Each structure stands twice: as C-alpha cells, then as structure tokens.
Amino acid sequence: MPETPDAADSLEKRRLAQEAKDERKVWYFLGYFLFGIHIVAFVMIYAVLHGH
C-alpha cells in the first residue's frame, strides 16, 4: 500500500521530533557526566592535598 504524501510528511516530522528529543537527552547526559567528573576530580584533589 503506497503512502500518501501527507502520511510520509507526518512520519518525517515525527522522526525529526524524536531525533531532536534524543539529541537533547544526549546533551543532558554529557553535561551531567562532565559535571560529575569534575566533582570527583575536586574531591580527589582535596583528599590528596589534605591527607596525612
């Protein structure tokens, strides 16, 4: 059954919307990951400088 142009256009819009959501999730994950890495690094630096 061939798709109508409207159905194909709707499918494309839905795919682009999902892609944008997925990309946003990746950026959030990357941001939290990098923030977490810095927190860990600062705690390690503190431990090394203040350890006896």
Side-chain angles (χ1 to χ4, degrees):
M1 179 166 135
E3 290 186 356
T4 62
D6 289 342
D9 193 38
S10 173
L11 189 65
E12 180 70 12
K13 282 183 182 175
R14 197 174 333 128
R15 188 186 66 75
L16 287 172
Q18 184 62 41
E19 193 175 298
K21 277 188 213 169
D22 292 343
E23 188 176 346
R24 193 174 311 130
K25 286 181 186 174
V26 169
W27 282 112
Y28 279 129
F29 174 79
L30 184 64
Y32 284 120
F33 177 75
L34 293 174
F35 181 74
I37 289 284
H38 283 81
I39 294 298
V40 170
F42 287 131
V43 169
M44 292 175 72
I45 289 168
Y46 180 85
V48 167
L49 293 178
H50 292 82
H52 292 289

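Small disclaimer: the values here were computed from a predicted structure and weren't measured.
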Subject >> Pairwise distance CZ(Arg14) to CD(Glu19) - rounded to 0.5 angstrom >> reply: 14.5 Å
Original post:
For the atom pair CD1 (Ile37) and OH (Tyr32), what is the distance rounded to the nearest 0.5 Å?
Top reply: 16.0 Å
Original post:
Given side chains that start at C-beta, do those of Leu11 and Arg15 come closer than 4.5 Å, heavy atoms only?
Top reply: no
Original post:
Is the shortest heavy-atom distance from the side chain of Glu23 to the side chain of Trp27 under 4.5 Å?
Top reply: yes
Contacts table for residues 43-52: side-chain donor-acceptor under 3.5 angstrom, sequence neighbours left out:
| from | atom 1 | to | atom 2 | distance (Å) |
| --- | --- | --- | --- | --- |
| His50 | ND1 | Tyr46 | O | 3.0 |

Original post:
According to the interplanar angle, ranging from 0 to 90°, do the rings of His38 and Phe42 count as parallel (below 30°), tilted (30 to 60°) or perpendicular (above 60°)?
Top reply: tilted
